[in-house]
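One structure is given here, and the rest of the page talks about it.
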Number of protein chains: 2
Amino acid sequence: MEEQNKKILLVEDDPNFGTVLKDYLMMNDYDVVHAKNGMEGFEKFKKDDYDLCILDVMMPYKDGFTLAKEIREKNADVPIIFLTAKAMKDDVLKGYKVGADDYLNKPFDSEVLLMKIKAIIQRKATDSVADSKQFEFKIGRFDLNSKLRFLKFDGGEPTKLSPKENELLRLLALHENDLMPRELALTKIWRDDNYFTSRSMDVYIAKLRKYLKLDPKVEILNIHGEGFRLVINGGEN
Amino acid sequence: MEEQNKKILLVEDDPNFGTVLKDYLMMNDYDVVHAKNGMEGFEKFKKDDYDLCILDVMMPYKDGFTLAKEIREKNADVPIIFLTAKAMKDDVLKGYKVGADDYLNKPFDSEVLLMKIKAIIQRKATDSVADSKQFEFKIGRFDLNSKLRFLKFDGGEPTKLSPKENELLRLLALHENDLMPRELALTKIWRDDNYFTSRSMDVYIAKLRKYLKLDPKVEILNIHGEGFRLVINGGEN
DNA sequence: TCTTTTGTTAATGTAAGGTTAAACATAATT
DNA sequence: AATTATGTTTAACCTTACATTAACAAAAGA
């Protein structure tokens, strides 16, 4: 299974401690982006989506709480863990007020941190990805459901599609009657554009053509050196 | 709008401390049921629905962890906070493994506890919008009562389901005809996503399929690399 | 023509899922 | 305390699904 690592934003001004912590987390299969101060932290946060933020409280210029507030304004849901040298009660309260998910006092046990991270990320595990992305297409007499990865002909028995078949057909459908550049599919689906991935894609085009043969009005045309075109003939009647 | 107070189950063997804490929580608008030991705690838990459990770890006869496990068997979702006199690292890890939501060392600041309670209850509130308190499902010719953990076929004799069977079927039913991602079940039910829990889940899928065979219109389909789909064929007649 | 691109089929290797039984763990009963 | 029942995990083995690569044929463009 293609299991995507969880992304963590770590904002910690102490370069030694920050690096050590980052390495430790990465050793445990998290993708970690390390920002050295609050300003940088916010910039990095805006540029990407994170599954968790770990913020040091004591930082020059912009402390962890202020940063947390800014983060909350952009995203009310990311879990936040605060790190602090000493547990001042008021700090703790302040942290929870900003919507902290947890609080850790330095020095802390790294295993404990790992458990907390796991617990928190699990908690947030979204109930299915509510992408409002488009995943249903009508292709001639076919219906493509690219979320459930099947293709139905005339409302009959659905054919299961493999992930690659599915993604490719979806891309073609998104560009219906228009050019779907080779390069687009290769970078989006194969994440690499070379001789072999290109040949692989051709193999998948062949598979799709076989499926789509059932409806003679539907075909995948090649545009030499450019890409492919999914056409539905007589679509404007 | 009539806002119902949140219900807390407090299991604490020290009568003095327990009473003080209970009163304090009630002063802060929580409904509190106080059990004096693990046994009693479990009895009370079974008799009612709670928004949160606060469990003392060190208790005679039945400690907090054991109690937590029993509680988890009945309900995979209630938030649990552990109270402990001394923070043994192994204890903390053990706690998180049972699905702790938080951990507090005695003596703790009561305001901090309040904040944690608030944070945790809020979290659950937003998380569980999707899987609202739904316990009864019609699955083809079956009736699933996931509160009482049984499955009835054609209104006949109910089959008892184990906690895992029950939770898994319930999750599938919540996503009827739609994708129920592997990851979701693993994080929600098994609280961990690795090779072994994944295999365990497959075993449970097999068990469910066996139960569901009675109704040929009901099946659990696999979506390779994604998860499972509970389909009821001819559901639209 | 002849070089490059595309079409197609088959072979291979790896990962995911299905199934069954044994091992383990715990609760309930005797 | 010992036994039995129940629930869950682990292990083993097998099947299926998927993606890539190779090989060769055909088409397009130069």
Side-chain angles (χ1 to χ4, degrees), chain A residues 1-3 148-150 159-169 179-183 185-186 189-213 219-229, chain B residues 38-39 42-43 46 61-63 65-74 76 94 97-99 149-150 159-169 172 179-183 185-186 189-213 219-229:
Chain A
M1 195 200 298
E2 165 113 1
E3 180 79 39
L148 302 177
R149 293 211 324 247
F150 66 68
T159 312
K160 292 209 268 184
L161 298 181
S162 86
K164 288 255 148 74
E165 291 168 350
N166 175 59
E167 282 298 299
L168 186 55
L169 185 51
L179 170 67
M180 195 281 293
R182 262 196 120 79
E183 198 215 339
L186 290 174
I189 303 177
W190 275 265
R191 292 157 184 290
D192 192 10
D193 182 349
N194 61 44
Y195 173 74
F196 290 107
T197 54
S198 195
R199 296 328 324 282
S200 193
M201 170 172 171
D202 288 334
V203 171
Y204 278 91
I205 290 287
K207 294 183 192 211
L208 292 181
R209 282 186 172 131
K210 201 174 284 177
Y211 291 138
L212 298 175
K213 256 205 309 262
E219 42 186 344
I220 298 175
L221 302 182
N222 174 253
I223 301 177
H224 200 89
E226 299 288 333
F228 294 91
R229 199 157 84 90
Chain B
M39 242 74 81
F42 191 52
E43 291 313 309
K46 284 193 288 190
Y61 306 122
K62 186 183 284 186
D63 69 295
F65 296 132
T66 315
L67 175 57
K69 258 201 236 167
E70 293 178 14
I71 287 178
R72 278 272 170 268
E73 300 227 323
K74 297 223 46 116
K94 199 168 166 191
K97 239 174 245 160
V98 199
R149 297 211 322 251
F150 66 68
T159 313
K160 291 204 277 181
L161 297 181
S162 84
K164 289 250 148 72
E165 291 169 347
N166 174 59
E167 281 298 308
L168 186 55
L169 185 51
L172 285 165
L179 171 67
M180 195 282 291
R182 263 193 119 81
E183 200 213 340
L186 290 175
I189 303 177
W190 275 266
R191 295 174 176 279
D192 194 8
D193 182 349
N194 62 44
Y195 174 75
F196 289 107
T197 54
S198 197
R199 297 335 314 289
S200 192
M201 170 172 172
D202 288 336
V203 171
Y204 277 89
I205 290 286
K207 294 183 193 217
L208 292 182
R209 282 187 173 133
K210 205 171 283 177
Y211 290 138
L212 298 176
K213 254 206 309 261
E219 43 185 343
I220 298 175
L221 301 182
N222 174 254
I223 301 180
H224 198 95
E226 299 287 334
F228 293 91
R229 195 157 86 92

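First the proteins, then the strands, lettered A, B, ... as listed; each starts at 1.
The nearest pair of heavy atoms linking A:L168 to A:A185 is CD1-CB, 4.0 Å.
Contact annotation: A:K207 does not reach the phosphate of D:dA19 (side-chain N/O to OP1 or OP2, under 4.0 Å). Distances shorter than 4.0 Å separate none of the side-chain N or O atoms of B:S200 from OP1 or OP2 on D:dT10. Contact annotation: B:R199 side-chain N/O to D:dC13 OP1/OP2 distance is not under 4.0 Å. Phosphate contact (OP1/OP2 of D:dT9, side-chain N/O of B:W190, threshold under 4.0 Å): present.
B:D202 places its CG atom 13 Å from the C1' atom of D:dT9, with the value rounded to the nearest Å. Distance A:D193 CG to D:dT20 P: 13 Å, rounded to the nearest Å. Atom NZ in A:K160 sits about 7 Å away from atom P in D:dC18, given to the nearest Å. Counting to the nearest Å, the C1' atom of D:dA26 and the CD1 atom of A:I205 are 17 Å from each other. In this entry the distance linking CD of A:E226 with C1' of C:dT6 reads 14 Å, nearest Å. Atom C1' of nucleotide C:dT5 and atom CE of A:M201 are separated by 13 Å, given to the nearest angstrom. The distance between atom CD of A:E183 and atom P of C:dT5, rounded to the nearest whole Å, is 15 Å. Atom NE2 of A:H224 is separated from atom P of D:dA26 by 17 Å (rounded to the nearest Å).
At the heavy-atom level, B:F228 lies under 4.0 Å from the strands shown only through sugar-phosphate atoms.
Using modelled atom types, no side-chain atom of B:R229 and backbone atom of B:L179 make a donor-acceptor pair closer than 3.5 Å.
Distance from the side chain of B:K164 is smallest for D:dT8 among the nucleotides C:dG18, D:dA19, D:dT8.
Each of B:T66 and B:V203 lies near DNA chain C, and the nucleotide nearest B:V203 is the one positioned closer to the 5' end. Summary of the strand contacts: B:Y195 and A:N194 both lie near DNA chain D, and taking for each the nucleotide with the nearest heavy atom, the more 5' one is attributed to B:Y195. Along DNA chain D, the nucleotide nearest B:F196 and the nucleotide nearest B:R149 are compared for position; the residue whose nucleotide lies closer to the 5' end is B:R149. Of the residues near DNA chain C, A:L221 and B:R209, the one whose nearest nucleotide (by heavy atom distance) lies more toward the 5' end is A:L221.
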Full working for side chain to side chain contact (heavy atoms under 4.5 Å, CB included) between A:L212 and A:E219 | CA-CA 7 Å; A:L212 298 175; A:E219 42 186 344; over 6 Å; no

Could you please spell out the steps behind the salt bridge (charged side-chain N to carboxylate O under 4.0 Å, His left out) verdict for B:D202 and B:R182?
-> CA-CA 10 Å; B:D202 288 336; B:R182 263 193 119 81; 2.7 Å; yes

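Atom NZ of B:K97 is surrounded by 12 or fewer heavy atoms from other residues, nucleotides or ligands within 6.0 Å.
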